[in-house]
Enquirer: 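Right, I'll just put the structure down here and ask away after.
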Amino acid sequence: RHYGDSEKPRCGGCDELIFSNEYTQAEGQNWHLKHFCCFDCDCVLAGETYVMVNEKPVCRPCYMKSHAARCNGCQNAVEPEAQRVTYGSFNWHAEPECFQCSCCSKCLVGQRFMAVEGMLFCSVECKKKTMS
Ligand SMILES: [Zn+2]
Ligand SMILES: [Zn+2]
Ligand SMILES: [Zn+2]
Ligand SMILES: [Zn+2]
C-alpha cells in the first residue's frame with residue numbers, strides 16, 4: 001500500500017476512491033455498491049448471494065440458470081451453497097438420494113466408492129452386476 005492511497009478504500013471495479021461510507025467488501029477488495037454487480041444481468045450484489053465464475057461474480061439466479069453444475073443423480077442444478085461431491089467432470093448433491101450406488105442404492109456420502117462413466121458403485125460386486 002503506497003503513499004497516496006490514503007485511508008479511503010479504492011474500488012476494485014472502477015479503480016476510483018470510495019467516498020461513501022457504504023461499500024461492499026468482497027473477494028479481498030472494496031467496491032462501490034453499484035460496482036459489485038452480476039456479470040450476467042448487472043444486478044447489484046451488495047448483501048446478495050453471489051458465486052465467482054471464472055473470477056467474475058454472478059448472482060444466484062444467473063448462476064442457477066447458466067453456470068451451475070448439474071447433479072448426475074437427480075439431474076437438477078447444484079445450488080451454490082449445497083454440499084456437493086465432485087469426481088472428474090461429474091457432480092452430485094452430497095445427499096443420499098443423489099450420491100448412491102447405481103446398483104443397490106446404498107448412500108455413498110462419506111463412503112468409499114467407485115465411479116465408472118458417471119455411475120457409482122459401493123463395491124466390485126455391484127459394479128459387476130450392473131456393467132456385465
Ligand atoms: Zn467503483
Ligand atoms: Zn445476474
Ligand atoms: Zn441431486
Ligand atoms: Zn451397491
Side-chain angles (χ1 to χ4, degrees):
R1 185 154 284 262
H2 52 86
Y3 184 78
D5 261 8
S6 78
E7 69 279 11
K8 293 285 177 206
R10 192 174 283 275
C11 173
C14 66
D15 208 33
E16 302 284 325
L17 293 180
I18 300 167
F19 292 99
S20 164
N21 288 328
E22 280 190 48
Y23 57 93
T24 306
Q25 288 187 302
E27 304 304 312
Q29 289 189 293
N30 301 302
W31 308 81
H32 289 110
L33 288 183
K34 288 197 174 63
H35 289 163
F36 192 67
C37 300
C38 172
F39 191 70
D40 285 4
C41 72
D42 272 338
C43 71
V44 175
L45 291 173
E48 302 292 329
T49 305
Y50 68 92
V51 187
M52 295 305 285
V53 176
N54 301 324
E55 295 175 27
K56 307 270 191 276
V58 294
C59 68
R60 195 181 188 285
C62 287
Y63 177 82
M64 291 301 284
K65 195 169 65 185
S66 332
H67 304 286
R70 271 195 190 273
C71 173
N72 202 49
C74 67
Q75 305 301 326
N76 292 319
V78 181
E79 301 80 7
E81 63 274 19
Q83 294 274 66
R84 74 171 73 179
V85 183
T86 304
Y87 188 87
S89 57
F90 296 105
N91 293 272
W92 295 266
H93 292 105
E95 304 286 343
E97 316 81 79
C98 300
F99 196 64
Q100 57 171 236
C101 177
S102 299
C103 178
C104 70
S105 300
K106 181 181 162 188
C107 170
L108 297 176
V109 178
Q111 305 291 313
R112 285 180 53 185
F113 67 93
M114 281 173 284
V116 185
E117 292 161 16
M119 288 195 283
L120 299 165
F121 301 106
C122 67
S123 63
V124 179
E125 290 72 45
C126 278
K127 181 184 164 211
K128 274 190 190 151
K129 269 191 233 166
T130 305
M131 304 293 285
S132 60

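Quick note: numbers below take in every heavy atom, side chains included, and nothing from hydrogens, waters or symmetry partners. Each ligand, and each atom within it, is numbered from 1 in the order the structure gives.
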Enquirer: Determine which of the N, O or S atoms in H32 is closest to the Zn ion (ligand 1) and give its atom name.
Expert: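 Nearest to the Zn ion (ligand 1) within H32's N, O and S set: ND1.
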Enquirer: Please state whether the separation between the Zn ion (ligand 4) and some N/O/S atom of C122 is under 2.8 Å?
Expert: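 Given the 2.8 Å cut-off, C122 counts as a ligand of the Zn ion (ligand 4).
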Enquirer: List the steps, then state whether salt bridge (charged side-chain N to carboxylate O under 4.0 Å, His left out) holds for R84 with E79.
Expert: CA-CA 9 Å; R84 74 171 73 179; E79 301 80 7; over 6 Å; no
Enquirer: In degrees, rounded to 10 degrees, what angle do C101 atom SG and C126 atom SG make at the Zn ion (ligand 4)?
Expert: 110°
Enquirer: Is the distance between the ring centroids of F113 and F99 less than 6.0 Å?
Expert: yes
Enquirer: What N/O/S atom of H35 gets nearest to the Zn ion (ligand 1)?
Expert: ND1
Enquirer: Can you find a pair of side-chain heavy atoms, one from M131 and one from F121, that are under 4.5 Å apart?
Expert: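 Yes, at least one pair of side-chain atoms sits under 4.5 Å.
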Enquirer: Side chains of H32 and E22: do they bring a donor and an acceptor to under 3.5 Å?
Expert: no
Enquirer: Side chains of H67 and D40: any donor to acceptor distance under 3.5 Å?
Expert: yes
Enquirer: To check your reading of the site, what angle at the Zn ion (ligand 3) do SG of C74 and ND1 of H93 form, to 10°?
Expert: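 That angle works out to 100° after rounding to 10°.
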